[in-house]
Every structure is written in C-alpha cells, then in structure tokens.
Amino acid sequence: MLTITDLHASCDGKEILRGIDLQINAGEVHAIMGPNGSGKSTLANVLAGRERYQVTRGAVIYRDADLLQMSPEERARAGVFLAFQYPVEIPGVSNIYLLKAALNAVRKSRGEPELDAMDFLALVKDRLQLVAMKEELLYRSVNESFSGGEKKRNEILQMAVLTPHLAILDETDSGLDIDALQVVASGVNALRSPDRAFLLITHYQRLLDYVVPDVVHVLVGGQIVKSGDRSLALELERQGYVGVAQPSTSV
Amino acid sequence: MNNPTPDTTTRYLNVMRTRNSAAREATWLRALRQSAVERFAETGFPMLQEEDWKYTDVRPIERAAFMPLPQDAALPAVPTAGQFRLDGLSGPRVVFIDGRFSASLSAVGPLPEGATVTTLADALNSQPQVLEAHLGRYLPADGHGFAALNTALLADGAFIHLGAGTRLEQPIHVLYLTTAGAALLLPRNLIIAERDSEVTIIEHYAAVGDMAYFTNSLTEIFAGDNSTVEHYRVQEENRAAFHVSGVHVQINRSSRVISHALDLGGRLVRNDLRAVLADTGGECHLNGLYFAADRQHIDNHTHIDHAQPHCTSREFYRGVLSGRGRAVFRGRIVVRPDAQKSDARQVNNNLLLSRDAEADSQPQLEIYADDVMCSHGATVGQLDEDALFYLRTRALGDAEARDLLTYAFAREVLDRVRLAPLRVRVEHRLAAALRERGALHEVHP
C-alpha cells in the first residue's frame with residue numbers, strides 16, 4: 001500500500017524528517033508514537049501533500065504511484081485521507097455540501113457516477129450513526145463552533161463517507177474525553193478491512209487500547225528509532241521515550 | 001491657444017444656467033437648484049487632495065465631460081430589457097431608459113390605498129406640496145460637487161410615497177438602463193415612508209452595450225415614525241461606466257431602515273451612503289457587497305449619524321477583489337453628545353484574490369457620548385491557506401476550493417438579501433467574475 005524510503009523533509013529550511021523508512025501493507029494498522037517535535041505531524045502533512053513542507057530526499061510509493069508527484073486533491077481522489085489534528089473551520093460552507101462535493105470528486109476519479117441526493121443522504125445518515133454525531137451538525141458550516149470532540153467525529157465521518165484506502169489520523173485522540181475516544185476508535189474499527197490501511201499518529205498509547213495496531217513505531221528526532229508490536233506501546237507508557245529509544249545520530 | 005475649450009465645471013455651469021433661465025418652476029425648486037448651482041460653482045469636481053477623495057481619482061470623469069442627453073428625442077427600443085427583470089418578483093416596475101421614463105417597459109399595477117409609485121417629474125406636477133416638504137431636505141449643506149450637479153439639473157427619477165400605515169408587500173423595482181454613450185445621467189429618487197408604513201425598493205443600474213457614460217444618482221429616503229424601509233441599490237453598470245451615487249436617509253422614531261449596497265459593475269464607482277438616526281429607537285442596517293475585478297475601482301463611503309439616544313446601527317460590508325481590482329471603504333460613525341445608549345457595530349472585510357488587487361479600509365468612529373456600545377473591525381486578506389489545504393485533502397481541486405471559499409465569503413452578506421431572485425442574480429455575477437481571467441490563477445501561492 002505505502003512504501004516510504006529514506007524520507008527527508010524540512011519546513012522553513014529546518015530539517016524535521018531525517019530519513020524515514022516505513023512499509024504499510026493493505027489491511028494493516030500502524031501506530032506512530034513520539035514526543036512533541038519528533039516529526040509526527042510533519043510526516044502526516046507530507047503524506048497529504050502540504051506545500052509548506054519540502055521533501056529534500058527519499059521516495060514515497062503509494063499503490064505503485066509516486067505519491068510525492070501528486071497534488072493534495074489527486075492524493076485524496078486516489079484514496080489517501082488525512083484526519084486533521086486541528087480540523088479547520090470554514091464559515092459559509094455547509095458540512096453536508098463539503099461531504100457531497102468530496103464524495104463526488106472521489107467517485108468521479110474512480111469513474112463512478114455522482115450519487116443522487118436521496119442515496120447520498122441515506123449514506124451520510126448511515127455513517128452518522130457510526131460516529132454518534134448529531135444530524136444537525138451536517139447543516140452547519142464546516143467545523144464552525146463545533147466542540148473539540150465534534151470536530152474529531154466530523155473527521156471520522158468524512159473518512160467513513162469517503163472510504164479511503166489509506167487513512168492517516170493525526171493525533172485524532174488528543175483532547176478527547178474517554179467517550180469521544182471510544183466513538184472515534186469504534187469508527188476506525190468499523191472501517192478496518194483487508195484492503196484498507198491505517199496510520200495512527202498519537203502521543204499517548206491510550207487510543208491503542210481501543211484500536212489495536214499491528215505495528216508500533218517510535219519516532220524521535222525525525223527518525224523511526226524502534227518498531228515492534230503492540231507491546232512496544234505499553235513499554236513506552238511505562239518507561240517513556242527516553243527509556244525506550246536511543247535516537248541514532250543522523251549522517 | 002486663443003480659444004481654449006472651457007473646463008468641464010464651466011461647461012456644466014453653463015448648462016445649468018441655460019436650463020434655469022428657460023425653466024418655469026416653483027420658487028422653492030428654483031431656490032433649491034440655485035443653491036446647488038452655487039455649491040457646484042464653489043466646489044467643482046472633488047480633488048485627490050480632499051480627505052474624502054484621496055483614494056478615488058475622478059479626473060477621468062472630468063476629462064470625459066459627459067453631457068446630458070436631449071430630452072426630446074424618441075426613446076430607443078431596448079429588445080434586451082427583459083434580461084434586467086428580476087424573475088419571480090411581481091411588484092411595481094418603473095423603468096428609465098437613458099434617464100427617461102419608459103411607459104412601455106414600466107408596469108406599476110394596482111397599489112394599496114395610500115401608496116404612490118410614479119416618476120419624480122410627474123410628482124412635481126401632481127403633488128408639489130409633498131415634494132417641497134421633502135425634496136433636498138435630507139442632504140447635507142456641505143455635500144460634494146456631484147450631489148450639487150444632480151440637484152442643479154434634476155429632471156426625473158422614481159417617486160415613492162407610502163401614506164401612514166400603508167404596507168406594500170411586493171418590492172418596487174426601479175431600473176435605470178443606459179444605452180447611450182458619452183451620456184451624463186442624473187437619476188433622482190425620493191422615497192417617503194410615512195409613519196407605520198412598510199416598503200421595499202430595488203434601485204437597479206445597468207447598461208446595454210459597452211460604451212462609456214456617467215451615472216450620477218441621488219436618492220433621499222424619509223423613514224417616518226415606526227416605519228420599515230428596505231432599500232437595495234444594485235449596481236451592475238458596464239465596465240466602461242462611471243457611477244457616483246448618493247443615498248441619504250433620515251430615520252425617525254422607532255423606524256427601521258435596511259440598506260443593501262450591491263456593487264457588481266462599473267469602471268470607477270463611488271457611493272456615499274449617509275444615514276441619520278434622527279429620533280430615539282431608530283435602527284439602521286447597512287449591508288454591502290462589492291466585486292472589483294480587473295481595473296475596477298469601487299469606493300464606498302458610509303456615514304451613520306447617531307444624533308439621538310437609544311438607536312442601533314449595524315454595518316456589514318464585504319468585498320471580493322481580483323486582477324487589478326481596487327476597493328475603498330470608509331465607514332464613519334458619529335455618536336453625538338446626547339446620543340446615550342447608542343449601539344453601533346461595523347465590520348468590513350476584503351478578500352484579495354490576486355497579488356495586484358488592493359483594498360483600503362478605514363473605520364472612523366467619532367464618539368461624543370459616554371454611555372454607548374461601539375465596535376468596528378476591518379480586514380484585508382487572502383483566502384485562508386489552511387482552509388484551502390483542508391478542502392484539497394477532501395478531493396476538491398484547487399480552483400474549485402478557491403471558488404468555494406470565495407462564495408462562502410460573499411454568502412455571509414448575501415444571506416441577508418431576503419429577495420431570492422436578487423440573491424441568485426448576484427451569485428451568477430460572482431461566478432462570472434470568478435471565471436474571468438486573472439481572478440483565479442494569479443492567486444498567492
């Protein structure tokens with residue numbers, strides 16, 4: 001699904017990712033954990049195509065295509081989804097309008113016809129239940145005056161409607177109370193499938209109590225310093241990043 | 001140069017004097033015109049050195065020396081006039097072609113008792129006492145030369161009178177359609193809403209053809225006690241046109257005036273909107289939306305005078321600028337010493353879609369009372385890059401995302417436009433403006 005090789009990226013001339021290697025296969029759930037400033041969000045943004053970050057070395061192959069050559073919208077249409085750490089408020093654009101425009105853009109690129117209004121609404125209402133979100137929020141401006149939990153649910157709702165191949169969740173768990181966290185986790189679990197992969201970026205292992213990852217990576221100083229199974233996350237919880245990871249010096 | 005061409009001010013003064021010496025008119029009207037002639041002789045055209053005109057250079061208007069059209073020629077046929085109807089609105093329609101009333105294109109229809117919808121020329125004959133009591137009464141004595149030019153030569157326009165307690169449900173559509181080049185047009189409108197009355201008026205300016213001309217309009221609105229007046233000024237002149245407008249409003253006790261200024265066309269546009277909250281409990285809502293595409297210049301000067309206590313004003317103007325579009329906003333709010341409990345809020349936001357677009361926004365609050373609530377906010381900015389990226393990660397193309405955010409920006413003003421046919425028309429104009437070359441693809445990286 002996704003192969004990252006020796007990925008280096010910088011922002012405003014400062015190198016943040018310093019040689020990432022990562023292989024994610026269809027059906028897998030990978031978690032990336034790391035302290036603040038380790039480059040977790042940079043990795044998510046680089047994968048989604050944020051122009052603010054410059055890739056200075058390395059390659060990212062997504063489903064046999066060079067991901068780095070694609071615009072953000074091309075990536076989205078090809079099935080890459082980023083759930084934002086800080087979902088953006090967009091006054092004047094209704095949530096339902098965005099969902100429909102996004103879904104139709106994805107369907108169009110897959111050669112599928114646009115959904116009619118009835119089918120679309122039925123689909124959205126079905127997915128709303130998955131994230132236990134109030135229907136009323138569909139008709140409000142995107143994320144505008146949503147609570148923190150509502151914003152994160154809204155991200156999962158979009159993911160559930162768009163059904164991506166690769167979903168990257170950038171600290172979707174941060175700032176959530178335990179109920180909202182469970183809702184988000186059950187949304188992710190419901191979408192787990194053999195032809196879909198997840199990359200969960202998280203600061204705490206709490207989310208991993210509910211979404212059990214296949215592989216856990218520890219990111220420190222822009223490099224993956226350790227990978228392992230789920231027990232690595234528990235080890236991090238006990239010992240902290242310093243105890244688990246000895247960051248290697250980059251060349 | 002033995003015989004230099006007289007300058008435009010002189011030529012206009014000659015036109016005024018010739019006209020006034022020939023006209024047989026009531027004394028009050030002669031006096032009104034005469035003081036306007038004197039004012040125009042004194043001020044001439046505004047100059048860049050004047051504080052109120054420092055961003056808007058009207059010398060192109062002066063150089064072009066547009067002249068009034070002869071009033072006796074036959075009116076041109078306008079087969080495309082139907083395009084300027086607002087489908088879905090069935091109220092009275094008053095149409096002027098090249099500044100002159102067109103009986104064939106107008107349709108006033110049955111009106112409730114107490115309502116009059118006619119032309120100013122007709123009203124000057126049929127109800128001179130009403131005109132004497134109102135015409136020219138709501139203009140400041142120190143108005144600029146364009147206002148004086150209009151008053152000195154006023155000939156026709158819409159006259160709308162609502163007697164006490166009269167309510168007109170359907171909006172009145174007043175259309176000024178220009179077909180003639182090099183013309184000076186001086187529409188003059190008078191709207192009188194007596195106490196407890198209610199009316200909605202759409203003042204609409206447009207052109208057939210792409211010739212240059214100059215519309216210099218003036219509208220006075222009297223909102224009597226406990227009345228409601230909703231006024232739309234829809235300016236979609238052609239892109240060679242000059243447009244200067246004045247709207248002067250007097251808001252009396254517990255009356256409510258809602259103004260929508262929609263500026264979509266014109267090459268050089270200047271609007272002065274002045275609202276006086278003349279008695280307690282008055283309310284004024286000023287909404288504005290302007291699109292300045294490449295080489296368009298749109299200047300809105302608004303002035304809200306809280307002259308009496310316990311009045312409310314809300315002002316919300318937004319502009320979208322593309323290409324080398326230019327906008328000026330100056331929002332003056334004056335709260336007089338006795339106007340305690342005044343509540344005034346003003347917001348002006350400008351969205352720049354291109355590197356070469358420019359907006360100057362100046363709130364100007366003068367508060368002489370101490371127990372008031374006043375706030376203002378002015379912004380000039382580009383599309384939000386975070387929002388743009390967010391939409392693109394949701395599979396929307398870059399151009400589509402920019403259009404969507406631009407619509408969303410304008411929609412917050414458009415949502416206040418209660419008349420759906422008008423809202424749809426403005427949305428179409430915005431879409432056309434966005435499609436123009438230079439609007440979308442010169443955007444900041």
Side-chain angles (χ1 to χ4, degrees), chain A residues 44-53 70-110 141-144 151 154-155 157-159 161-164 166-170, chain B residues 287-291 316-320 347-353 377 379 381-417 423-424 426-427 430-431 433-434 440-445:
Chain A
N45 277 281
V46 166
L47 293 176
R50 185 125 209 178
E51 282 146 5
R52 187 185 299 162
Y53 299 91
M70 297 160 74
S71 67
E73 57 270 32
E74 286 166 345
R75 298 177 199 206
R77 290 168 193 165
V80 177
F81 180 88
L82 171 65
F84 280 58
Q85 182 179 5
Y86 303 109
V88 181
E89 296 189 8
I90 309 183
V93 176
S94 79
N95 217 9
I96 188 121
Y97 179 90
L98 174 59
L99 277 172
K100 191 167 186 193
L103 179 62
N104 282 331
V106 169
R107 289 178 65 91
K108 194 176 163 197
S109 74
R110 289 179 190 159
S141 288
V142 177
N143 293 322
E144 194 181 34
K151 285 181 182 175
N154 201 29
E155 295 293 285
L157 173 68
Q158 292 174 1
M159 179 174 80
V161 168
L162 296 178
T163 59
L166 172 65
I168 303 157
L169 279 65
D170 186 8
Chain B
N287 302 314
L289 183 62
Y290 44 93
F291 309 151
F316 185 42
Y317 269 61
R318 279 194 165 177
V320 177
V347 174
N348 172 233
N349 308 119
N350 296 278
L351 174 60
L352 307 182
L353 295 179
T379 63
Q382 290 105 39
L383 289 175
D384 178 0
E385 287 297 324
D386 289 331
L388 207 48
F389 178 66
Y390 188 78
L391 293 178
R392 293 176 73 192
T393 65
R394 299 308 182 247
L396 274 64
D398 183 58
E400 193 187 348
R402 286 177 194 279
D403 283 2
L404 183 58
L405 292 176
T406 306
Y407 272 115
F409 176 83
R411 184 166 300 138
E412 290 186 63
V413 178
L414 276 181
D415 281 346
R416 299 169 188 222
V417 172
R423 205 166 53 232
V424 168
V426 176
E427 280 172 2
L430 177 56
L434 290 175
L440 287 175
H441 302 294
E442 286 177 16
V443 174
H444 289 260

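Throughout, a chain's letter reflects where its sequence line sits, starting with A, and its residues are numbered from 1.
- Expressed to the nearest 0.5 Å, how far OG1 of B:Thr393 lies from CZ of A:Arg75 amounts to 11.0 Å.
- Pairing each heavy atom of A:Pro72 with each of B:Arg392, the nearest pair is CD-NH2, 3.4 Å.
- Of all the heavy atoms in B:Asp384 and A:Val88, the pair that sits closest is OD2-CG1, 4.3 Å.
- The OG atom of A:Ser141 sits 9.0 Å away from atom CZ of B:Arg411, with the distance rounded to the nearest 0.5 Å.
- When each of A:Ile90, A:Leu162, A:Val142, A:Leu103 is checked for heavy-atom pairs under 4.5 Å with chain B, A:Ile90 comes out on top.
- A pairwise comparison of heavy atoms in A:Ala76 and B:Ala395 identifies CB-N, 3.5 Å as the closest pair.
- Between B:Phe389 and A:Gly49, the shortest heavy-atom contact is CE1-C, 3.7 Å.
- With chain B as the partner, the residue from A:Leu82, A:Leu99, A:Val80 showing the most heavy-atom pairs under 4.5 Å is A:Leu82.
- Residue pairs meeting the side chain to side chain donor-acceptor pair (under 3.5 Å) criterion with at least one member in residues 89-106 of chain A, sequence neighbours excluded: A:Glu89-A:Lys151, A:Asn95-A:Asn154.
- Separating the CZ atom in A:Arg77 from the CZ atom in B:Arg394 is a distance of 14.0 Å, to the nearest 0.5 Å.
- Of all non-hydrogen atoms in A:Pro91 and B:Ala408, the two that sit nearest each other are O-CB, 3.4 Å.
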| Going through the distances and angles, do B:Asp386 and A:Tyr86 end up as a side chain to side chain contact (heavy atoms under 4.5 Å, CB included)? | CA-CA 10 Å; B:Asp386 289 331; A:Tyr86 303 109; over 6 Å; no
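- Ranked by heavy-atom pairs under 4.5 Å with chain A, the list B:Ala410, B:Gly397, B:Ala401 is led by B:Gly397.
- Residues B:Tyr390 and A:Leu98 have side chains in contact (heavy-atom distance under 4.5 Å, counting atoms from C-beta outward).
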